[in-house]
Amino acid sequence: MNTRGFIKIILILFFLIILIAVNTILVIYIYYSSDLPKIQSVKDYKPLTTTEIYDRNGELLYRLYNQKRTLCDVEKLPRHVINAFLAAEDADFFRHKGIDFSTIIRAFVVNLTSGKVRQGGSTITQQVVKTFFLNPERTLNRKIKEAILSYRLEKNLSKTEILHLYLNQIYFGAGNYGISEASKYFFSKHPEDLTIAEAAFLASLVKAPEPFATFKNPQRTRERQLYIIRQMEKNGFISPEESKQALSSPVSFVFGKESEINYSVSYALKSLKEKIDPQKFYSGGYKIYLTTEKKTDEAVQNELTLYLNELNADRTTPLATLNKEELFQTEKYMRNQASEFRKHYQNISDIFGSKNHLNNKKIGFRIQKPFQSDIPVQEYIEKHTKLSTIEEGNIYIGIITETGNNFVRIFTGESVEEISVSKRPKEKESLWKYGDVYFYFISSDGKFRIASPPFIQGAVVLTDNRNGQILAMSGGYSYVINEFNRAVQARRQPGSAFKPILYSYAIESGKYNIVSIENDAPVEYTDEQTGQVYRPSNYDKDEFRGEMTLLDAITESKNTVSVRLVLNLGLDNVASFVNSLGLETDVRPYPSMALGAFEITLLSLTRFYSALANEGKMKSPEILMSVRDESGTELFSESPSEKQIVMPETAFIVTRMLKDVVTRGTGTAANTEGLSIAGKTGTTNNYTNAWFIGYTPDITLGILIGRDDNRTMGKRATGGNFAAPLFRRILKTPALSGLNATSDFNPPPSVKFILTDIHKGTRCEEESDDCRFLPFREGTEPPAKSPQAEQDIMKIEH
């Protein structure tokens with residue numbers, strides 16, 4: 001065979017090989033393309049995103065998520081941030097068409113020479129394809145599909161759109177998905193504000209998110225960050241000067257903390273379940289705005305916690321008492337954990353040349369679940385606490401190491417803190433013991449305090465009178481200890497806190513005025529159906545004053561007068577009126593209802609008082625202000641419903657009566673200088689519940705104190721002693737200072753003011769301690785004694 005013939009055969013074979021190869025590739029492409037997902041647009045990208053809950057002022061309260069992700073607009077990112085990721089993962093991203101064969105060959109050589117997989121050959125486009133469309137298995141089939149999809153992705157999407165998918169989807173470790181969350185967690189920054197050094201750090205996490213992000217080996221994380229900065233310079237992404245500066249720049253971390261859920265947020269989420277599928281809470285990226293105010297809500301919770309702590313101080317018992325061996329082992333464990341925790345973060349700051357975020361801060365074991373007495377204390381600490389800085393609003397666990405008459409010293413795991421405690425009677429001196437385990441917290445004044453187990457619990461609701469919005473809510477001592485929300489879930493007898501409803505009906509009926517005379521004397525009623533005899537008594541059981549005005553009767557909270565009112569007005573009439581108010585209670589026509597012998601929630605009863613302040617108009621209790629979807633479209637906003645439950649004249653007259661309760665009656669402990677306050681105490685049989693609900697022209701504050709088992713709190717546990725003092729404390733907190741703008745309650749134009757004796761109910765000729773200008777509805781005025789008795793309204797002091 002001659003040379004020409006040989007060359008001809010070679011060429012034919014070559015073209016046959018090419019043809020076979022092309023056909024093989026075509027067959028493979030057709031075969032693997034048949035069932036691949038279609039890529040249309042980046043608009044189809046709907047990742048799991050975080051739902052954020054804000055207060056009325058736009059302050060973040062809480063976040064819900066399956067994957068903690070907030071979408072970032074990649075087009076707003078500075079070039080050096082994007083280039084940090086390109087340097088780390090795909091320097092030729094803007095030059096290839098989805099697959100970079102040079103990178104694949106380079107990775108193959110590195111892995112072959114090293115004997116193990118040290119370098120990947122995937123482009124950012126391939127990583128997007130793998131993340132969105134394919135499973136993570138390492139097979140030839142998947143690699144072929146990945147290559148085809150990468151090519152298609154590049155055909156359908158721009159490079160910027162691919163980066164949008166990549167930077168929003170990737171996992172950065174420590175629970176953070178997407179660059180926005182990572183930037184916020186590590187640096188408390190928006191990603192567009194990142195420095196070169198910070199961007200390189202975030203890019204370093206992509207290779208091994210968990211070990212790098214949790215700093216299991218801080219030195220390796222640092223080395224990876226420095227490598228990326230050098231790669232940025234090598235690829236011309238930054239200048240040598242910028243590289244030098246970035247290499248020497250310290251990186252300070254903040255390690256962002258998630259807000260804790262509280263009673264207000266929990267109640268709002270339960271309300272939201274009626275409007276949005278709860279499953280979407282954790283992935284829909286909603287923005288939920290509440291009517292509450294963060295600083296006010298926190299102030300209310302802190303005051304309730306401190307107050308309950310004081311009420312429970314004499315009942316304090318340890319969570320557990322450790323024997324000598326348990327004490328030794330538990331203290332050793334706590335000390336080692338605290339030491340390693342601090343050492344770990346010091347090591348991070350040393351390696352990255354940054355400020356340690358733990359400097360000048362004390363650390364402790366913050367509880368995350370209620371104490372479990374059926375497991376050893378050390379096991380509880382291991383499983384249900386988290387080491388963190390000791391801050392106001394959180395509760396921690398510690399061990400008593402020393403006791404005194406009026407102090408204890410508690411081991412926090414790192415330090416020993418002295419805590420003042422109330423002095424004990426001699427028979428109780430042994431209550432504090434070495435080895436006792438207690439919760440503790442730090443109050444707003446910076447002092448450590450024992451967190452007394454809440455035998456006596458409580459709840460507080462704060463509402464805006466004009467729109468019914470809930471400004472603050474606390475359902476107990478601590479949400480983390482007990483999620484039961486006593487403000488809306490506990491149904492308790494209101495006792496005398498019901499009397500304003502009864503007196504409102506009496507005034508509304510026109511049969512009574514503010515100084516109508518009723519008899520405070522023993523009363524007896526026999527039920528016609530059961531034959532049972534009902535004999536109510538006053539708080540001072542043997543004290544009856546005889547005839548007295550309604551103003552004095554409600555001021556002194558006379559029970560017998562209330563029963564006589566109910567009987568005179570008609571049992572069915574009163575019960576029907578109460579049930580018509582929409583307070584989610586069912587009142588039966590029995591005489592005992594006069595003394596609040598039925599069950600109601602704190603929120604419901606507070607609504608009625610708020611209506612008295614709002615000219616008799618009751619608003620629906622709203623805590624949701626608005627809900628927006630991820631695009632910012634408002635899905636709905638709440639507009640409160642309104643119901644006129646009593647005439648404005650009635651509301652003002654009853655308010656005037658309740659002002660005397662605060663200034664000279666059972667609620668004097670609630671009296672606050674500079675504020676016009678109306679309110680009523682409530683105490684139930686056997687001292688099981690203590691109430692005080694009070695209001696200014698602007699806000700209403702309802703308080704309930706009681707035990708969860710509904711047992712007695714002791715003979716001092718009246719509304720005046722247990723609930724009214726807390727009302728005053730909360731009202732005086734700085735957070736509430738801006739909520740009371742109106743100086744006094746405005747009377748309706750139709751109300752007539754007449755100088756009247758508050759004790760006798762007759763008109764007076766001149767003002768005195770007993771003779772005051774009182775409001776009356778037209779047609780219900782007391783008989784005139786002289787024409788001078790009626791005064792111009794401008795002279796009225798109210």
Side-chain angles (χ1 to χ4, degrees), residues 53-57 59-62 257-270 290-312 366-370 388 390-396 439-454 456-464 469-490 601-603 606 621 623 692-693 699-706 708 722-723 725-739:
I53 303 172
Y54 297 90
D55 78 348
R56 65 191 300 121
N57 300 319
E59 282 201 60
L60 183 66
L61 299 175
Y62 191 63
K257 289 171 286 200
E258 289 293 318
S259 299
E260 301 285 344
I261 192 169
N262 60 18
Y263 290 107
S264 295
V265 171
S266 174
Y267 176 66
L269 290 176
K270 288 176 182 175
L290 306 188
T291 61
T292 58
E293 191 173 51
K294 184 178 181 181
K295 66 175 184 177
T296 305
D297 209 39
E298 290 175 348
V300 165
Q301 181 62 67
N302 290 342
E303 286 299 328
L304 178 61
T305 299
L306 282 171
Y307 187 71
L308 291 177
N309 227 48
E310 294 166 12
L311 288 183
N312 286 294
R366 178 165 56 88
I367 68 166
Q368 296 185 294
K369 287 189 177 180
S388 66
I390 298 175
E391 297 171 342
E392 183 185 352
N394 296 320
I395 296 179
Y396 305 81
F439 288 146
Y440 67 90
F441 65 97
I442 190 167
S443 56
S444 56
D445 58 7
K447 294 181 179 178
F448 283 77
R449 299 176 186 268
I450 292 291
S452 301
I456 296 174
Q457 272 284 6
V460 179
V461 170
L462 177 66
T463 63
D464 188 313
Q469 292 179 349
I470 296 170
L471 301 177
M473 174 185 287
S474 172
Y477 183 86
S478 164
Y479 187 87
V480 95
I481 288 178
N482 190 323
E483 297 177 6
F484 183 66
N485 190 339
R486 294 154 192 83
V488 293
Q489 292 177 288
T601 66
L602 175 63
L603 178 59
T606 300
I623 197 167
F692 184 81
I693 304 177
I699 59 173
T700 298
L701 181 61
I703 293 170
L704 168 64
I705 305 293
D708 286 344
F722 268 37
L726 178 58
F727 176 93
R728 186 172 185 268
R729 281 172 56 160
I730 291 175
L731 217 55
K732 290 181 70 175
T733 58
L736 272 72
S737 62
L739 298 180

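Below, all heavy atoms of this structure are taken into account, side chains as well, without hydrogens, waters or symmetry copies.
For Y396, the ring-ring contact (aromatic ring centres under 6.0 Å, His included) partners at least two apart in sequence or on another chain are Y440. For F722, there are no ring-ring contact (aromatic ring centres under 6.0 Å, His included) partners, not counting sequence neighbours. With sequence neighbours left out, the side chain to side chain donor-acceptor pair (under 3.5 Å) criterion links T601 to S604. N485 pairs by the side chain to side chain contact (heavy atoms under 4.5 Å, CB included) definition with Y263, Y267, M473, A487, V488, Q489, not counting sequence neighbours.
In this structure, the side chain of D55 engages the main chain of K294 through a donor-acceptor pair within 3.5 Å. A donor-acceptor pair is defined here as one N or O able to donate and one able to accept, closer than 3.5 Å; no such pair exists between the side chain of E483 and the backbone of N262. Between the side chain of N312 and the backbone N or O of I456 there is at least one donor-acceptor pair closer than 3.5 Å. T700 places no side-chain N or O within donor-acceptor distance of the main-chain N or O of T463, the cut-off being under 3.5 Å.
The closest side-chain heavy-atom distance from L462 to L701 is below 4.5 Å. Looking at I367 and I481, their side chains come closer than 4.5 Å, going by heavy atoms from C-beta outward.
Here the closest non-hydrogen pair linking L61 and T292 is CD1-OG1, 4.0 Å. Scanning all heavy atoms of the two residues, the minimum distance from S444 to E392 falls at CB-OE2, 3.4 Å. Across Y479 and S266, no two heavy atoms sit closer than the pair OH-OG, 3.3 Å. Scanning all heavy atoms of the two residues, the minimum distance from T733 to A299 falls at OG1-CB, 4.3 Å. Smallest separation of non-hydrogen atoms from I450 and F441: O-CE2, 3.8 Å. Taking both residues in full, the closest heavy atoms of A268 and L290 are given as CB-CD2, 3.6 Å, listed atom of the first, atom of the second, then distance.
Among pairs with a residue in residues 257-267, those fulfilling salt bridge (charged side-chain N to carboxylate O under 4.0 Å, His left out) read R63-E258, K68-E258, K257-E391, E260-R366, at least two apart in sequence or across chains. Contacts classified as salt bridge (charged side-chain N to carboxylate O under 4.0 Å, His left out) and involving residues 439-448 (residues at least two apart or in different chains) are given here: D445-R449.
Here the options are V300, L304, L306, L731, the test is side chain to side chain contact (heavy atoms under 4.5 Å, CB included), and the partner is L726; only L304 passes. Across N309, N482, T305, a single residue satisfies side-chain hydrogen bond (donor to acceptor under 3.5 Å, both in side chains) together with Y477, and that is N309.
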(request) Report the C-alpha separation of L736 and L471 in whole Å, then their side-chain angles, then the decisive distance to 0.1 Å, and conclude whether the side-chain contact (heavy atoms from CB on, under 4.5 Å) test is met. (result) CA-CA 10 Å; L736 272 72; L471 301 177; over 6 Å; no
